[in-house]
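Numbering starts at 1 and runs along the sequence shown. Note that these values count all heavy atoms, side chains included, but never hydrogens, waters or copies made by symmetry.
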Amino acid sequence: MDETEFIGKIKLYDHIIVYGAGMVGSLVCKWLKMMSFHNRMTGFAVSKKGREQLYCGEPVFGIEELLPYRESALVIIATMPELQKEIADRLSEYRFQNAVPIDQMLYHGMEQRYMLEFASRHPVRQKKIDLLFMASDNNSSSGAFLCMADLCVELRKYGMSSLVILPEYGNGEPVLEKREIEYTYIASEHWACLRKKPERREKEAALAGNKEAIEKIAHLIEKYQVKIVHNNTTYTYVGAVAAHRMDIPVVWHLRENIRIQGFDFADPERAMGLINQSDRILAVSKYIKTCMDKLDSDRVQVVYDGVSIENYYINRPVLKNTFPFVITMVGAVAEHKGQRELIEAAKVLKQRGYRDFVIRFIGKGKNEDLTALEGLVKEYRLEEYVSFLGRQEEIREFYAQTDVAVVCSEAEPFGRVTVEAQLAGCLVIGADTGATPELIQDGRTGMLYRRGDYSALADKIAYVMENPEPAAVIALAGQEHAYDTYTKERNAMEIAGIYEEVLRDRERQRKSLTDLEP
C-alpha cells in the first residue's frame, strides 16, 4: 500500500488506534500529526500493558480496553513485520473489523516524508558549527549513539558547538533532546552489505542515491562554517566525502567490527582508502584497531569510550548478601551476544544442585531469536530461573538488584555494558574475546572465562555464590577502576585535544602551501 491509498483509508474513520508502542508506532503517530490526523487518534494499543501511561504524548491502552471501538475504529498495526500476523490474529479474535499493517513500502514512504518535513520545520538554529557528527544510527539503545550524545554534551564545556546528522528515523531523538543537542535529518544509505546474502549490485545502486546526501552535507559545511566532520561509525561515509570536497578535516571513529555483525563493505578497497585518508582515525579499543584489513594502523589512536558516572554509579554493598542470587545480562538478544551460552551455564548450575539463583535478560531482539532461546529454557526446565524482560529504560534499577553481570559476546568492540555494570558495583564475568579483556583484569577487577566453555562460565558464577567476601573485593576493585578510567569527561578531554591537533596540522599545511606560492 502506498501513502496515497493509506491516506484515503484513514479518511474513512473518525477513530484511529495505533497498535504498537515502539519505533514503528512512534513514526506512525508523528506522521498522523504531521498530516493533521492527530485529532482522530484514540491512542496506542499494546498486547500487555505495563507502567507506561503515555507514549509520544498519547494514551496507552491494553487491547482489551479498546473493545468498544472494534467496529468503528481503524487499527493500524505498527510493529516489525514478524509480529504483524500474530497481532492480526489477536485482533480477529477480539473481532476488530478494520485493520491495516504498516508494510515496508508504507514505512519507507512515511520515513522519507517525516525526515524531509522535520528538516524544513526545524531549521538549524546555530550560526556557526564547530563539529558535524555523522551518527551511526538513530537508536537509543546503541552504545555508539549514546557515547556520541555524551561526547557532544561534554564538548560544550570546551566551547565547541555540535550538530548531529541522523541518517534514518529511529528512537534516538529523545536522547538528543534531553541533552539539548541540535540535530537534523539527512537520509543516507550505509555502505555495508550482509555477508550471508549476495547483494553487492543492489547495494551499489542504493549508494548512488547518497549523492544528494553528500550535496546537502557539503552545503551545511559551507553555510555554518563547520570546522571538523566527526564520522561516528564505520557504517557511514557520506560526511567524510563531503568534508574532503569542502577541504575540512575528518575524524573517523571506528566503533564496530562489522564482520562480527554479519556485514562486509560493498567495496572494501574504496572503503579502506577513504577511511585511511582521514586526518585522525580513532578506535574504541585495541581490539577494534586490529579488526580491519588494510587499515593504516600506525595512524589509529585508541580512545576508550566514556560512561556517565552519575547515571550508573551505586554506592552500596557490592554484593547484596540476599537471595535469590541475581545474574543479569544486558544487550540486544542476538546470536553474537551469547545469551545461549548463559542459558547453558544455568543448566550446568542446576545439575550441580544450585537452585537459589535467577537470570534476567534485558534487551530486545528478533522474534525468531527470542523464540529459540525461550524454547531452550523450556527444554532445560529453567522457566523458574530465567526471564526475558525486553528493553528497559531504567537499567540502573536492575543493576542495583544484581550480584553478577555477564557479558558473553563473541567480540565486544568496547563494552559499554561492562563498564556500566562495574560502576553499579556488580561483579562482571566476561568472555575472553574482543575488547572485554581490556576492561577486565581477571581475578582483580572482574572475571574472564573462555568463550564457548559454558561449564567454565558456570564455575565462575558458582565461585561468586560460594565466596561472597573475596568476590566483593573483586567487584569493588572493578567499580573503582571504571570510576577512574572510563568517564565521559576523560573521553571528551582526549578527543578535544585531538581536534586541536587536527586543526593545528591543517593550519600548518595551509601556511606551508602559502609560503610556496610565488
Side-chain angles (χ1 to χ4, degrees), residues 1-47 55-58 60-61 63 66 69-70 72-92 94 96-121 137-140 166-173 185-190 194 197 199 202-203 205-210 212-213 364 366-368:
M1 180 183 294
D2 64 21
E3 199 177 37
T4 303
E5 293 176 86
F6 188 56
I7 290 170
K9 197 169 189 67
I10 286 174
K11 288 180 177 178
L12 299 175
Y13 299 90
D14 293 328
H15 301 287
I16 299 170
I17 297 167
V18 178
Y19 202 131
M23 189 179 75
V24 181
S26 69
L27 176 60
V28 172
C29 179
K30 291 174 181 178
W31 180 90
L32 289 169
K33 291 177 179 179
M34 188 176 67
M35 302 299 289
S36 300
F37 290 128
H38 56 282
N39 291 332
R40 304 184 187 212
M41 187 169 169
T42 303
F44 287 94
V46 294
S47 300
Y55 186 66
C56 294
E58 300 292 335
V60 178
F61 301 97
I63 187 60
L66 295 169
Y69 294 96
R70 58 189 171 191
S72 60
L74 175 67
V75 182
I76 300 172
I77 304 175
T79 66
M80 300 304 286
E82 60 265 24
L83 298 176
Q84 291 185 352
K85 184 181 184 305
E86 177 185 334
I87 290 172
D89 291 343
R90 184 175 291 116
L91 289 172
S92 179
Y94 284 121
F96 279 87
Q97 297 182 8
N98 312 294
V100 58
I102 300 296
D103 60 25
Q104 187 174 1
M105 177 182 176
L106 188 52
Y107 181 88
H108 184 68
M110 287 181 166
E111 180 186 36
Q112 295 300 310
R113 183 185 287 272
Y114 176 78
M115 289 191 291
L116 289 171
E117 286 288 330
F118 183 95
S120 65
R121 295 185 186 192
D137 45 34
N138 187 0
N139 184 349
S140 64
L166 300 175
E168 60 190 10
Y169 181 77
N171 58 14
E173 286 185 17
Y185 281 96
I186 296 180
S188 64
E189 180 79 16
H190 69 72
L194 289 168
K197 180 181 176 183
E199 56 168 16
E202 292 87 342
K203 176 60 72 171
L207 293 180
N210 282 343
E212 183 178 353
K364 292 180 67 176
K366 293 181 180 178
N367 201 39
E368 57 265 31

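- Across all their heavy atoms, L106 and P101 have their closest contact at CD2-O, 4.4 Å.
- Taking every heavy atom of both residues into account, Y19 and S47 meet most closely at OH-OG, 2.8 Å.
- Taking CG of D14 as the start and OG1 of T42 as the end, the distance is 9.5 Å to the nearest 0.5 Å.
- Put simply, CG on L116 and CD on E111 are 10.5 Å apart, with the number rounded to the nearest 0.5 Å.
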Kindly list each side-chain donor-acceptor pair under 3.5 angstrom involving residues 20-34, sequence neighbours excluded, with atom names and distances?
{"unit_1": "S26", "atom_1": "OG", "unit_2": "M23", "atom_2": "O", "d": "2.7"}
{"unit_1": "S26", "atom_1": "OG", "unit_2": "Y169", "atom_2": "OH", "d": "2.6"}
{"unit_1": "K30", "atom_1": "NZ", "unit_2": "Y169", "atom_2": "OH", "d": "3.4"}
{"unit_1": "K30", "atom_1": "NZ", "unit_2": "E173", "atom_2": "OE1", "d": "3.2"}
{"unit_1": "W31", "atom_1": "NE1", "unit_2": "E3", "atom_2": "OE2", "d": "2.7"}
{"unit_1": "K33", "atom_1": "NZ", "unit_2": "C56", "atom_2": "O", "d": "3.0"}

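- Residues A78 and V18 approach most closely at CB-CG1, 3.7 Å, considering heavy atoms.
- When all heavy atoms of A99 and I77 are compared, the closest pair comes out as CB-CD1, 4.3 Å.
- To the nearest 0.5 Å, the span separating NE2 on H190 from CG on L207 amounts to 9.0 Å.
- Atom OH of Y69 is surrounded by 12 or fewer heavy atoms from other residues, nucleotides or ligands within 6.0 Å.
- In this structure, Y94 and F96 have perpendicular ring planes: the angle between them is above 60°, well past the 30° mark.
- Pairing each heavy atom of D137 with each of E168, the nearest pair is CB-OE2, 3.9 Å.
- Between the CD1 atom of I63 and the CD1 atom of I17 there is a distance of 6.0 Å, given to the nearest 0.5 Å.
- The CG atom of L91 lies 12.0 Å from the CZ atom of R70; values are rounded to the nearest 0.5 Å.
- Crowding of E212 atom CD: a count of heavy atoms from other residues, nucleotides or ligands under 6.0 Å not exceeding 12.
- Among M1, M105, K11, M35, the single residue meeting the side chain to side chain contact (heavy atoms under 4.5 Å, CB included) criterion with F6 is M1.
- Counting heavy-atom neighbours within 6.0 Å of E368 CD, excluding the residue itself, gives a total above 12.
- Judged as a side chain to side chain donor-acceptor pair (under 3.5 Å), and not counting sequence neighbours, the contacts of D89 are K85.
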Practice task
Could you check K9 against E5 for salt bridge (Lys or Arg N to Asp or Glu O under 4.0 Å), going step by step and ending with a plain yes or no?
Solution key: CA-CA 6 Å; K9 197 169 189 67; E5 293 176 86; over 6 Å; no
Exercise for the section: Would you check, one step at a time, whether the test side-chain contact (heavy atoms from CB on, under 4.5 Å) holds for L74 with L12? Expected result: CA-CA 9 Å; L74 175 67; L12 299 175; over 6 Å; no
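- A donor-acceptor pair is defined here as one N or O able to donate and one able to accept, closer than 3.5 Å; such a pair exists between the side chain of Q84 and the backbone of T79.
- With sequence neighbours left out, D2 forms a salt bridge (Lys or Arg N to Asp or Glu O under 4.0 Å) with no residue at all.
- Counting heavy atoms from C-beta outward, N139 and N171 have side chains that approach closer than 4.5 Å.
- Taken to the nearest 0.5 Å, the CG atom of N138 stands 9.5 Å off from the CE atom of M115.
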